[in-house]
Amino acid sequence: MSTFQNIKGTFDILPDPYTDDGGTRVASTAEWRYVEDTLRDVMARHNFDEIRTPILEPTELVARGVGESTDIVQKEMFAFERGDTNYVLRPEVTAPVVRSFLQHHLEQRGGVQKLFYMGPCFRAEQPQKGRYRQFHQFGVEVLGTDDARADAETIAIMTALYEALGIADTRLRVNTLGTPDRREKYVEALRDYLEPYADDLSDTSRRRLERNPLRVLDTKLEHEQQIVQDAPQLIDYVNDESRAHYDRVKGLLDDLGVPYDEDPHLVRGLDYYTETTFELESAALGAQSALAGGGRERLFLALDAADVTLPGSADPDVFIAALGQDAERWVFRTTQKLRADGLHVALDLKGRSLKAQMKEANRQNAPYALIIGDNELEAREATVKEMESGEQVTVAFDELTEYLSTHASEGAEEAPVTGG
RNA sequence: GUGGACGUAGCUCAGUUGGUUAGAGCGCCAGGUUGUGGUCCUGGAGGUCGUGGGUUCAAAUCCCACCGUUCACCCCA
C-alpha cells in the first residue's frame with residue numbers, strides 16, 4: 001500500500017473504469033467527458049448558457065444563501081480563515097451563481113437569464129455509498145422570471161437529460177411547497193396530526209417529528225406510509241397564487257407530454273425551497289432512489305444501475321513500431337507529422353523489441369501497425385499491417401497520411417466500453 | 001458523533017483444529033520466434049500478511065489496542 005491515499009470521501013477518475021473499496025463502479029474519464037458533453041449539448045438545445053464560478057467563495061455568502069441554521073452550514077462546510085477573510089469550498093452552486101449574476105449585472109444581457117453549471121462541490125458529511133465529500137454537481141438556474149414556464153422547462157430539461165443519456169425507467173413526482181409562511185402553518189398541522197401516532201412510529205421518525213416533521217413524510221416503512229397517507233397535504237395550505245402557479249406548471253407539463261405523478265407529500269430537506277418542487281427517481285437505484293430534485297444529480301449511480309453503456313477511450317488509428325536507432329528517429333519525426341495531419345498515432349517510447357511493440361499495438365487496439373526498419377527506410381516504403389486480418393502491404397512514405405486517413409477512419413468505429 | 005463489517009501480490013481472492021520457504025487466477029515483464037500482435041507453452045519480478053503489543057516452542061491464523069477502509073444511522077444530493 002502506498003503512503004498517500006486520496007482523502008476519504010473523494011475519488012480519482014482514471015483512464016479506465018474501476019471499482020472502489022465500497023463496491024461502487026467509478027466511471028472513466030472518457031465516460032465523464034461523454035456525460036458532460038451530452039449535458040452541454042442538451043442544455044445548448046434548450047438555449048441555456050454555461051456559467052463557471054470559483055470553487056472558493058466567501059463563507060458568509062454560502063452561510064446566508066443556504067441558511068445559518070442548516071446542517072450544511074453548522075457542520076458540513078470545509079471552511080478556513082486566512083488573513084482577515086473567511087473562505088469556504090462551495091457546498092452548492094446556487095449562491096455563487098446568484099452572487100456572480102448580481103456582481104456582473106447579468107440582467108443587462110437582457111431578457112431572462114438561463115444558466116447551467118457543473119463542477120465539484122464539497123461537504124464534510126460522513127461518506128457512504130454514492131455520497132462523497134467532493135461530489136460533482138450539475139444544476140440550472142433561471143433568473144429574471146417567476147413564470148410557470150420557467151419551472152416547467154426546468155423539469156422538462158431534467159427528464160430530457162436522462163433520456164439523452166439513456167436512462168429510461170425514471171419516475172417524475174411533483175408538488176408545490178408554496179411560500180415559507182404557509183409552509184410553517186402546514187408543519188404545525190402535520191405535527192398535530194402525527195403526535196397521536198407517536199407510539200407507532202420508529203425511533204427515526206419520532207426523532208424527525210421533533211426536529212423536522214416534514215422529513216417523516218419520507219419514511220420508507222410501510223406501516224408509517226399508511227399513517228402518512230392520510231396526513232394533511234401541502235396543497236391545502238398554500239395560497240391561491242401558489243396554487244394557480246402550480247396548476248399552470250402541471251398544465252405545461254401536460255402540453256409537453258412529460259408524464260408525472262402528483263405527490264402531495266413530496267417535500268425537500270432544506271427550507272429555502274419554495275413553490276414547485278420535483279423529484280426524478282429511478283427504480284433501479286432501490287431505497288435511495290432520488291436522482292434529481294432542484295437540480296441536484298446522482299448521475300453515475302443511475303447510469304450504473306440502468307446498465308447504460310458509454311463510449312470508452314478512443315483507440316489510436318495506427319501504432320508505429322520502429323526497429324533500430326535510425327528508424328526510431330524517423331518514426332519519432334513522422335509521428336508528429338501524422339498527428340498534425342489529424343491522425344491518432346501511438347508509438348513505443350521504451351526502445352522495446354518488435355515483438356513487444358506489436359504486443360502493445362494489439363493491447364491498444366490499433367487497427368493498423370506500421371513497421372519501420374532499415375529495409376523500409378531504404379525503400380522509402382512503410383510496411384503496413386492490418387491487425388485483424390494480419391495482412392501486410394507496403395505504402396510509400398509520401399502516401400502514408402492519405403492511406404491511413406482513408407483506411408483507418410473506416411475501421412475505427414469507436415468501440416463502446418461495457419459498463420457494470 | 002453512533003452501530004456493524006472488513007484489512008494477505010498491481011487487481012479479485014484462497015490460506016484447514018496455530019506448524020517449516022505464504023499461494024491461485026488475472027494483469028505486468030521476458031523467452032520460445034535475434035523483423036511481427038492476439039491463442040499456446042516456459043520462466044520472472046512483485047508481499048514489513050494494515051500497525052504495535054500480548055499468548056505460544058511456533059501466529060496471516062488466538063487475544064488486546066490503535067490506524068485505515070467501508071456500509072448504515074443522523075442529514076441530504
Side-chain angles (χ1 to χ4, degrees), chain A residues 1-11 14 16-24 66 69-76 91-94 120-139 202-208 210-212 214-215 218 220 267-271 273 279-281 285 287-302 319-324 327 346 348 350 352-377 383-392:
Chain A
M1 190 183 289
S2 57
T3 310
F4 291 114
Q5 291 188 57
N6 63 298
I7 284 172
K8 181 163 60 166
T10 68
F11 58 93
L14 305 178
D16 295 312
Y18 68 99
T19 304
D20 71 14
D21 291 336
T24 303
V66 180
S69 64
T70 58
D71 273 16
I72 293 178
V73 173
Q74 292 289 312
K75 54 182 186 186
E76 293 170 5
E92 53 100 52
V93 192
T94 297
C121 293
F122 302 82
R123 287 187 201 172
E125 285 184 293
Q126 288 304 316
Q128 52 189 275
K129 193 178 180 64
R131 290 173 51 185
Y132 298 93
R133 290 183 153 182
Q134 175 175 345
F135 56 99
H136 292 75
Q137 188 158 308
F138 168 88
S202 62
D203 291 346
T204 300
S205 288
R206 258 202 306 280
R207 212 167 26 239
R208 286 173 169 176
E210 291 295 315
R211 296 168 53 177
N212 190 354
L214 289 179
R215 301 284 305 160
D218 288 343
K220 302 289 191 299
V267 294
R268 300 225 55 80
L270 301 179
D271 30 302
Y273 291 102
E279 195 160 291
L280 194 65
E281 58 181 29
L285 281 188
Q288 294 188 21
S289 57
L291 285 178
R296 277 65 178 169
E297 305 280 320
R298 299 203 308 156
L299 251 184
F300 280 98
L301 265 190
F319 186 102
I320 309 187
L323 273 166
D348 170 68
K350 288 170 77 172
R352 296 198 288 181
S353 70
L354 178 61
K355 176 188 173 78
Q357 293 185 63
M358 293 304 290
K359 203 168 174 169
E360 187 66 24
N362 189 63
R363 182 172 20 233
Q364 294 200 26
N365 213 16
Y368 291 89
L370 258 56
I371 298 166
I372 309 295
D374 292 338
N375 301 345
E376 284 78 7
L377 289 181
T383 298
V384 179
K385 179 165 187 167
E386 207 278 304
M387 292 297 278
E388 194 170 325
S389 64
E391 287 167 17
Q392 295 187 177

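Note that the coordinates shown come from a computational prediction; the quantities given were computed from them, not determined experimentally. So that the names make sense, note that chain A is the first sequence line, chain B the second, and so on, each numbered from 1. Computed from heavy atoms alone, side chains included, the values below leave out hydrogens, waters and symmetry copies.
- Residue Ile372(A) holds its CD1 atom at 7.0 Å from CD1 of Ile320(A), rounded to the nearest 0.5 Å.
- When rounded to the nearest whole Å, the span between CD of Glu388(A) and P of G37(B) equals 17 Å.
- Among Arg133(A), His136(A), Gln137(A), the one residue that satisfies the side chain to side chain contact (heavy atoms under 4.5 Å, CB included) test with Cys121(A) is Gln137(A).
- At the heavy-atom level, Arg352(A) lies under 4.0 Å from the strands shown only through sugar-phosphate atoms.
- Remark: side-chain polar atoms of Gln128(A) are not paired, donor with acceptor, to backbone N or O of Arg131(A) under 3.5 angstrom.
- Nucleotides A14(B) and G52(B) have their C1' atoms positioned 27 Å apart, rounded to a whole Å.
- Between Glu92(A) and Arg123(A), no side-chain nitrogen of the basic residue sits less than 4.0 Å from a carboxylate oxygen of the acidic one, so the salt-bridge criterion is not met.
- A sub-4.0 Å separation between OP1 or OP2 of C74(B) and a side-chain N or O of Arg215(A) is absent.
- For the P atoms, the distance from U39(B) to U51(B) is 37 Å, rounded to whole Å.
- Across the protein-nucleic acid pair, Phe11(A) atom CZ and U70(B) atom P stand 12 Å apart, rounded to whole Å.
- Only the P atoms considered, C64(B) is 25 Å distant from U70(B), to the nearest whole Å.
- Thr383(A) and Glu376(A) share a donor-acceptor pair across their side chains, judged by distance under 3.5 Å alone.
- Donor-acceptor pairing under 3.5 Å, judged by distance alone, is absent between the side chain of Gln126(A) and the base of A72(B).
- Here the P atom of nucleotide C29(B) and the NZ atom of Lys359(A) are 6 Å apart, to the nearest Å.
- Remark: P of U69(B) and CD1 of Ile7(A) are 10 Å apart, rounded to the nearest angstrom.
- A24(B) and G15(B): their P atoms are spaced 15 Å apart (whole Å).
- Residue order along RNA chain B, read from the 5' end via each residue's closest nucleotide, puts Ser389(A) first among Arg208(A) and Ser389(A).
- Spacing between atom CZ of Arg133(A) and atom P of U69(B) amounts to 9 Å, rounded to whole angstrom units.
- Separating the OH atom in Tyr368(A) from the CD atom in Glu388(A) is a distance of 10.0 Å, to the nearest 0.5 Å.
- Here Lys75(A) lies out of heavy-atom contact (under 4.0 Å) with every strand.
- Taking 4.0 angstrom as the limit, Arg123(A) places none of its side-chain polar atoms (N or O) nearer than this to OP1 or OP2 of C75(B).
- Nearest-nucleotide assignment on RNA chain B puts the 5′-proximal partner with Lys350(A), out of Lys350(A) and Glu386(A).
- At a threshold of 4.5 Å between non-hydrogen side-chain atoms, the residues Pro91(A) and Glu76(A) do not count as touching.
- Rounded to whole angstrom, the span from the CD atom of Gln5(A) across to the C1' atom of G50(B) amounts to 10 Å.
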The test is side chain to side chain contact (heavy atoms under 4.5 Å, CB included); show your working for Tyr132(A) and Thr24(A) and say whether it passes.
CA-CA 12 Å; Tyr132(A) 298 93; Thr24(A) 303; 3.9 Å; yes
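- When base pairs are accepted only as Watson-Crick or G-U wobble with both N-N or N-O distances under 3.5 Å, RNA chain B takes part in stems of 3 or more pairs at B:1-7 with B:67-73, B:10-13 with B:23-26, B:28-32 with B:40-44, B:50-54 with B:62-66.
- C6(B) atom C1' lies 14 Å from atom CG of Asp20(A), rounded to whole Å.
- For Asn362(A) against G37(B), a side-chain N or O and a base N or O form a donor-acceptor pair under 3.5 Å.
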Could you pull out the protein-nucleic contacts involving nucleotides 31-36 of chain B (nitrogen or oxygen on both sides, under 3.5 Å)?
| unit_1 | atom_1 | unit_2 | atom_2 | d |
| --- | --- | --- | --- | --- |
| G35(B) | O6 | Asn375(A) | N | 3.2 |
| G35(B) | O6 | Asn375(A) | OD1 | 3.2 |
| G35(B) | O6 | Asn375(A) | ND2 | 2.5 |
| G35(B) | N1 | Glu376(A) | OE1 | 2.9 |
| G35(B) | N1 | Glu376(A) | OE2 | 3.1 |
| G35(B) | N2 | Glu376(A) | OE2 | 2.6 |
| U36(B) | O2 | Lys385(A) | NZ | 2.9 |
| U36(B) | O2 | Gln392(A) | OE1 | 3.0 |
| U36(B) | N3 | Gln392(A) | OE1 | 2.4 |
| U36(B) | O4 | Gln392(A) | NE2 | 3.1 |

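- As judged by a 4.0 angstrom heavy-atom cut-off over every strand, Glu360(A) is placed among residues making no nucleic acid contact.
- Considering CD of Glu125(A) and CD1 of Ile72(A), their distance stands at 7.5 Å, rounded to 0.5 Å.
- Taking atom P in both G47(B) and A5(B), one finds a spacing of 32 Å when rounded to whole Å.
- In this structure, the separation between NZ on Lys385(A) and CD1 on Ile371(A) is 6.0 Å, given to the nearest 0.5 Å.
- No hydrogens or angles were tested; on distance alone, nothing pairs the side chain of Arg131(A) with the base of C71(B) as donor and acceptor under 3.5 Å.
- A distance of about 29 Å separates the P atoms of G35(B) and G46(B), rounded to the whole Å.
- Comparing the C1' positions of G10(B) and G27(B) gives an interatomic distance of 7 Å, to the nearest angstrom.
- Here the separation of U36(B) from C26(B), taken at their P atoms, is 26 Å to the nearest Å.
- For Arg363(A) and C28(B), the shortest distance from a side-chain N or O to OP1 or OP2 is below 4.0 Å.
- At least one donor-acceptor pair closer than 3.5 Å links the side chain of Gln357(A) to the backbone N or O of Arg352(A).
- In the set U69(B), C74(B), A30(B), the nucleotide with an atom closest to the side chain of Gln128(A) is C74(B).
- If you measure from atom CG of Leu280(A) to atom P of A77(B), you get 14 Å, rounded to the nearest angstrom.
- A 4.5 Å side-chain heavy-atom check between Asn362(A) and Met387(A) finds at least one atom pair inside the cut-off.
- Within 4.0 Å of Tyr132(A), counting heavy atoms only, lies at least one base atom of the nucleic acid.
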